[in-house]
Protein chains: 2
Amino acid sequence: MATITLTDLAKKARVSLATASRVLSGGPIRCSERTRQRILRTARQLNYVPNFSARTLRTGKSYNIAVIAYDITDAFAVECVRTMEAYLEETPYRATWISCANKTRSRDGRQMLQELALSIDGMIVIAAENYLSDTDLLRFWAAEKKPIVTVIRRLRGDLIPSVRMNNDIGMRRLLDHLIELGHRRIALTYNRYMHPSASQRYRTYRKYVAEHDLPDEKALQLPVDITMEDGYRAGELMLKTKKLPTAVVAFNDLGAFGIIQAFGEEGVRVPQEVSVAGFDDIRMARFYNPSLTSVAADYEKMAKLALDTLLAMIDRPDESAGLAADIIIQPKLVLRNSTGRARV
Amino acid sequence: MATITLTDLAKKARVSLATASRVLSGGPIRCSERTRQRILRTARQLNYVPNFSARTLRTGKSYNIAVIAYDITDAFAVECVRTMEAYLEETPYRATWISCANKTRSRDGRQMLQELALSIDGMIVIAAENYLSDTDLLRFWAAEKKPIVTVIRRLRGDLIPSVRMNNDIGMRRLLDHLIELGHRRIALTYNRYMHPSASQRYRTYRKYVAEHDLPDEKALQLPVDITMEDGYRAGELMLKTKKLPTAVVAFNDLGAFGIIQAFGEEGVRVPQEVSVAGFDDIRMARFYNPSLTSVAADYEKMAKLALDTLLAMIDRPDESAGLAADIIIQPKLVLRNSTGRARV
DNA sequence: CTGTTAGCGCCTTCAA
DNA sequence: TTGAAGGCGCTAACAG
């Protein structure tokens, strides 16, 4: 079964190529209703599917967007991706998912951007700071004039729209909660790369600690990466210190699981002896043992807003020109069983 | 900054379009080394990036493969995807990830296949039985002559290569382990859609139960879907029966987590009162509380084999013609803390 | 060893 | 309202 082209279709429907194209490509339909119907019927009958490569080559528009995440196995990114995928179904766009956690990656970020440039109409970048520097992104933006929206992250320069969470509020709510439970010796694990969101949380923590006169010790502030394994290692480190904290704020839920696991293996029970909380409220948070208290970012809302913004920039460039929205989502604190009253 | 085309490059390097193309498209290089170097240098200098749409249109080859999974948030699929992504870095191919768990999906499987056909060189299907019927896939295979490899699943007809795990052995090893711990009242949750791998596990379980004269009750055999939520519901159901099993074999690790969670909420402790084990040995299995005994499928190996097979079919169609490999991976049992001695 | 040329399938002016 | 023709960027015959 050879593939059906527009030429085949036009011949069969006894119209010219041009007419068929006009009808099927959805532009302003300048032809009689009868012809239109005949063409549509023939298309259905022949199972006509347009050749996207040809269309893209001709028009320069691919109806393809790239979604770049740090790591597709990172639970937060996965949830975003899933939401976006569902949401894209309602649009004519498709997405190419790219993650960049692979150490073996041979092409670097900039090269990848260039290769991508010709086959996408825009892109969403979820964190991924280690991989795509601000400079890379800004240069791409300037050179290619393709819309970009960042999620979680915000680039310096204010040129590129972003959707992110209010980390300050999230951190404060969580710390308030812990204080209410009687905790004072509260540890923090923060992302070692000190991305904007990481450093914001770190700063808020330090400020809060100062405001409430809580212990401010280096041993309570551990830089980590984003995986469970890293959380586990952080937990091990804490166990080695003389005096365990009574509560730990993990950089994310996965890290919290790792910490709880490390504690558990040494017989330190959560929340009876130490409380642990995370960020993101991923699906597993509810199902973990103990279920995890977490700052919920509402990834679904973030994902949708990011897509909305991007598609608006693609479809109506003039409207959204010079806008560079900075959308900030208010997080909420989800209380579960991993945090409890401090032991005296 | 306008995009650089081959024409620009050729002009700048003072060669013809064709020569530049020959050098850069990697085919047999029939030209002098000096010219070759000059072209390569110019390309680097100009930051030349080929236009994939044009290339695909011309050659019919896209260096793009589709990876279709049931649900990108399914941990097993995610691990596969991550491995494949890393592995693809070493090849000239890219992948388009498609998941199909979205209820809102407007295009159905067959339509999607058709749209895809023109922009991919082959595809890998990870399970996804609910979405893409065997018929759809076989029809696509016959019509488009594009290579397909299935993972986990095997299509009837033996036409399409597959990579899967030996479920029979896996199930037997797990049951042996439980029997050794003194369990006799062993429950099973099985995938409600009774995919080949699900039904194989189910059959093996039934057979084993008969062989060892274990209780064979409907209340011990629960159909489930693949998410944690489903496991949780199955756990609730078991709690409602008069007599709890002493061990549960979950359809997958996520389901096991759900079951453990449901039990925990009613004060039933794992493994002290009930043992629970899963399939897949996803990353979280080690970090869950209790850490989970699981049948390990070695997704990394499966993912690599699947890709190898697919790329071989694409690149060397004659070699692999009529092969239709059925690669079966032997699983191993990973013992952890969620299974223990049966209470008498 | 290198250049000329003819499309791949589609969209879009321009002309009828 | 419709048709004819040119070309998007690239590759692969075919000449030279």
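Per chain, numbering begins at 1; letters A, B, ... match sequence-line order.
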Between the side chains of Tyr48(A) and Asp8(A), does any donor sit under 3.5 Å from an acceptor?
->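 No, no side-chain donor-acceptor pair sits under 3.5 Å.
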
How close or far is atom [atom2] of [N] from atom [atom1] of [X], stated in whole angstroms?
X        : N       : atom1 : atom2 : value
Arg34(A) : dT2(D)  : CZ    : C1'   : 14 Å
Arg55(A) : dC10(D) : CZ    : C1'   : 20 Å
Asp8(B)  : dC8(D)  : CG    : P     : 11 Å
Arg38(A) : dT1(D)  : CZ    : P     : 15 Å
Phe52(A) : dC10(C) : CZ    : P     : 11 Å
Lys11(A) : dC10(C) : NZ    : P     : 13 Å

Kindly check if the number of other-residue, nucleotide or ligand heavy atoms within 6.0 Å of NZ (Lys11(A)) is above 12?
->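 Counting other residues, nucleotides and ligands, NZ of Lys11(A) stays at 12 neighbours or fewer.
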
Student check: side-chain heavy atoms of [X] and [Y] closer than 4.5 Å:
X         : Y         : result
Ile148(B) : Leu155(B) : no
Ile39(B)  : Arg22(B)  : no
Thr83(B)  : Met302(B) : no
Met313(B) : Val149(B) : yes

Tyr48(B) near the nucleic acid: base, sugar-phosphate alone, or nothing, with a heavy-atom cut-off under 4.0 Å?
->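 Here Tyr48(B) touches the backbone only, sparing every base.
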
Scan Leu6(A) against the nucleic acid and name what it touches under 4.0 Å (heavy atoms): base, sugar-phosphate only, or nothing.
->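 Result for Leu6(A) = sugar-phosphate.
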
Using a strict 4.0 Å threshold on nitrogen-to-oxygen distance, state whether Arg82(A) and Glu85(A) make a salt bridge.
->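 Result for this pair is no, no salt bridge flagged.
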
Among dC10(D), dC8(D), dA12(D), which nucleotide sits nearest the side chain of Leu57(A)?
->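 The closest nucleotide is dC8(D).
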
Selection from dA12(D), dG9(C), dC10(D) that lies nearest to any side-chain heavy atom of Asn51(A) |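 Taking heavy atoms from C-beta onward, the closest nucleotide is dG9(C).
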
N/O-N/O pairs, protein side and nucleotides 3-7 of chain C side, under 3.5 Å:
unit_1: dG3(C); atom_1: OP2; unit_2: Ser16(B); atom_2: N; d: 2.8
unit_1: dG3(C); atom_1: OP2; unit_2: Ser16(B); atom_2: OG; d: 3.3
unit_1: dG3(C); atom_1: OP2; unit_2: Thr19(B); atom_2: OG1; d: 3.0
unit_1: dG3(C); atom_1: N7; unit_2: Arg22(B); atom_2: NH2; d: 3.1
unit_1: dG3(C); atom_1: O6; unit_2: Arg22(B); atom_2: NH1; d: 3.1
unit_1: dG7(C); atom_1: N2; unit_2: Arg58(B); atom_2: NE; d: 3.3
unit_1: dG7(C); atom_1: N2; unit_2: Arg58(B); atom_2: NH1; d: 3.0

So, is Thr35(B) close to the dT2(C) phosphate, meaning a side-chain N or O under 4.0 Å from OP1 or OP2?
->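 Checking Thr35(B) against dT2(C): at least one side-chain N or O falls below 4.0 Å of OP1 or OP2.
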
